[in-house]
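Read through the structure below, which is laid out as structure tokens, and then see the notes.
Treat the numbers as computed from the prediction; the structure is a model and nothing was measured. Naming: A, B, ... by sequence-line order, numbering from 1 per chain.
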There are 2 protein chains.
Amino acid sequence: MKLHVSPDTFPPRGHEAKRISIVDAAAGVFCREGYAGANIDLIAAEAGVSRQTVYNHHGDKEKLFVAVVRDLTERCNAGIFATIATFPDQPKDLEADLIGFAVRLNQNCICNRDGKFLRKLIQTEGERYPELFAEWLEQGPGRTWPAIAARFARLAYGGYLAIEDPDVAARQFLGLVNAELQTTFMLGGTPSEDEVLQSATNGVRTFLRAFGKRRSVTSVEKQAALAGT
Amino acid sequence: MKLHVSPDTFPPRGHEAKRISIVDAAAGVFCREGYAGANIDLIAAEAGVSRQTVYNHHGDKEKLFVAVVRDLTERCNAGIFATIATFPDQPKDLEADLIGFAVRLNQNCICNRDGKFLRKLIQTEGERYPELFAEWLEQGPGRTWPAIAARFARLAYGGYLAIEDPDVAARQFLGLVNAELQTTFMLGGTPSEDEVLQSATNGVRTFLRAFGKRRSVTSVEKQAALAGT
DNA sequence: GACGAATTAGACAAGAGTGTCTAAATTTGT
DNA sequence: ACAAATTTAGACACTCTTGTCTAATTCGTC
């Protein structure tokens, strides 16, 4: 049997599968125990490899940590950009489409395993290893916020929204759609799908009450728009 | 000289001053290094006491950690309730008064040293010591959110706001006024006063665009209110 | 100033964790 | 099937941290 088996096999088979298993297990242990509290024996056990194999692949603990952060950063950034690509530039139903976008943001980027892990590591180790997270900052928030803001600006230009500053609007959008989830996030929990949907729904409705200009806005705002023109 | 000198004196003089200095230094070290990474030698050095004195006061590392969390929890909860007491129930200028409230929330409860420390410890150690933070959860968010929501309900009852669910409105208020500060928070930084004021100002304006009903609302909403009646 | 309490400095034992090594076993690639 | 590469298991040396102890010193109270 020369078949390369997926990393779901335990213990993992093959050089690449072992590497993935090590990084994956290490991510979990670093998040759970912190960098200082994580030990190589535990990571090796959870990865299903020997301790020496961990060293064979990564040299030392710090290099393993760097590899973990790199992996998470890459995957999270990819996930965010893929989700931004689904932003509703030409919405059929603005409210429903923005709710869908907010839910996808949460499910694909924030509440998923990678998102939770990266956020946790930034919070716990970010100040101790600033250079390590600088790339995340530059490739992550440094590019995603302008990209999201541009999408909101486009909606404004298309007559759907009345916003003054797309950057502020983008950040307030996220603040609103996640308003009811912050305590859960702080405690490291994962909100249920219902909770995500509810927070997104309430948040988008408030956002559109403040900024919405067209169909899918409420009757009051609808009358205001007519009276304003 | 039998004068009790304040804990600003280094090394601290007197039993109580030493206890305060130890807990204070430990808070900083636990936040900076994490629980596992914090060592008693470092805490003792930063407290200006001997290592044995740390043990004399607190028995062991875990008990010291518990004392730190208890202190922070107590002070943060007191700070929040004191700030909620300044909520503008009868605003002269709703927008300005809500901005003032948001700024005070940030300065007294979120961005101050205690708030930052407690938040950091919850994020880094909360999952490992859930029973330790249960009290914070119950006495903190479990009581502050209903209290803030009640204040917003009162504003609604007074005709200032049109909200459906005061609990949701309260959470969205906080999400909005801090929308532009989240990256700074995540990285453990402290926003400047200007940044706090700007985020609060933008957030309150959006909040009032969505929910405001009376004076201090924008012209558009003012006309909507007149047209609505 | 006397006295008891608290603190300090230094030392110790024990355990935990890191990284390295050796030799045997297993896996992989041809 | 075989050789090379990788992994494993076990051991080791070293450092660091924790908690504890002793004796001297300092502090606080009367």
Side-chain angles (χ1 to χ4, degrees), chain A residues 1-26 28-68 124-125 128-129, chain B residues 1-26 28-30 32-68 125 128-129:
Chain A
M1 290 294 272
K2 300 196 190 119
L3 185 66
H4 275 266
V5 191
S6 86
D8 289 338
T9 307
F10 203 79
R13 311 276 315 244
H15 193 77
E16 184 61 15
K18 283 189 190 280
R19 194 200 70 83
I20 288 169
S21 188
I22 292 167
V23 170
D24 202 48
V29 175
F30 281 135
C31 282
R32 203 163 67 231
E33 312 292 341
Y35 179 78
N39 74 61
I40 303 292
D41 279 334
L42 183 58
I43 291 169
E46 297 203 7
V49 302
S50 80
R51 189 149 164 282
Q52 184 57 57
T53 301
V54 176
Y55 284 110
N56 290 345
H57 280 255
H58 293 285
D60 64 20
K61 185 175 175 180
E62 182 167 333
K63 289 186 178 62
L64 173 58
F65 184 69
V66 169
V68 165
T124 59
E125 316 298 336
R128 279 198 291 276
Y129 301 91
Chain B
M1 290 295 275
K2 299 195 189 117
L3 185 64
H4 273 267
V5 190
S6 86
D8 289 342
T9 306
F10 203 79
R13 311 278 316 245
H15 193 73
E16 185 61 16
K18 283 187 189 284
R19 194 199 71 82
I20 288 170
S21 188
I22 291 166
V23 171
D24 202 49
V29 175
F30 282 135
R32 202 162 69 233
E33 311 291 341
Y35 179 79
N39 75 59
I40 302 290
D41 279 334
L42 184 58
I43 292 168
E46 297 204 8
V49 303
S50 79
R51 190 147 163 286
Q52 185 57 54
T53 301
V54 176
Y55 284 110
N56 288 346
H57 280 255
H58 292 285
D60 63 21
K61 186 177 175 180
E62 183 168 333
K63 289 187 179 64
L64 173 59
F65 183 71
V66 169
V68 166
E125 316 297 335
R128 280 197 290 276
Y129 302 90

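- Residue order along DNA chain C, read from the 5' end via each residue's closest nucleotide, puts B:Val54 first among B:Val54 and A:Asp41.
- Here the C1' atom of nucleotide C:dT18 and the CD1 atom of A:Ile43 are 12 Å apart, to the nearest Å.
- Residue contacts for A:His57: at a heavy-atom cut-off of 4.0 Å it reaches the sugar-phosphate backbone alone, with no base atom in range.
- Per the geometry, CZ belonging to A:Arg13 stands 12 Å off P belonging to C:dG29, to the nearest Å.
- In this structure, A:Val66 and A:Tyr129 have side chains that are not in contact, with every pair of non-hydrogen atoms separated by 4.5 Å or more.
- Per the geometry, CG belonging to B:Leu64 stands 16 Å off P belonging to D:dT17, to the nearest Å.
- A:Glu33 has its CD atom 15 Å from the P atom of C:dA16, to the nearest Å.
- Residue A:Ala36 is out of contact with every strand shown, counting any heavy-atom pair closer than 4.0 Å.
- If you take NE2 of A:His15 and C1' of D:dT7, they are 11 Å apart, rounded to a whole angstrom.
- The CD1 atom of A:Ile43 lies 10.5 Å from the CZ atom of A:Arg51; values are rounded to the nearest 0.5 Å.
- OP1 and OP2 of D:dA5 both lie 4.0 Å or more from every side-chain N or O belonging to A:Lys18.
- Rounded to whole Å, atom P of C:dT18 lies 9 Å from atom CZ of A:Phe30.
- Residue B:Thr53 has no polar side-chain atom (N or O) positioned under 4.0 Å from OP1 or OP2 of C:dT7.
- For the pair A:Phe30/A:Thr124, no side-chain contact is recorded, criterion being any heavy-atom separation below 4.5 Å from C-beta on.
- Look at CZ on A:Arg19: it is 21 Å from P on C:dT27, rounded to the nearest Å.
- OP1 or OP2 of D:dT17 lies within a sub-4.0 Å distance of a side-chain N or O belonging to B:Asn39.
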What nitrogen or oxygen pairs link the protein and nucleotides 19-22 of chain C at under 3.5 Å?
from   : atom 1 : to      : atom 2 : distance (Å)
C:dG19 : OP2    : A:Tyr55 : OH     : 3.1
C:dG19 : OP2    : A:Lys61 : N      : 3.3
C:dG19 : N7     : A:Arg51 : NH2    : 2.9
C:dC21 : N4     : A:Gln52 : OE1    : 2.5

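- Of all non-hydrogen atoms in B:Pro12 and B:Ala17, the two that sit nearest each other are CB-O, 3.8 Å.
- Minimum heavy-atom separation, B:Ala47 to B:Ser21: O-OG, 2.8 Å.
- Taking the six-membered ring where tryptophan is involved, the planes of A:His15 and A:His57 are essentially parallel, since the angle between them stays under 30° and well short of 60°.
- For the pair B:Glu16 CD and C:dA5 C1', the interatomic distance rounds to 16 Å; values are reported in whole Å.
- In this structure, A:Ile22 CD1 and A:Lys18 NZ are separated by 8.0 Å, a value rounded to the nearest 0.5 Å.
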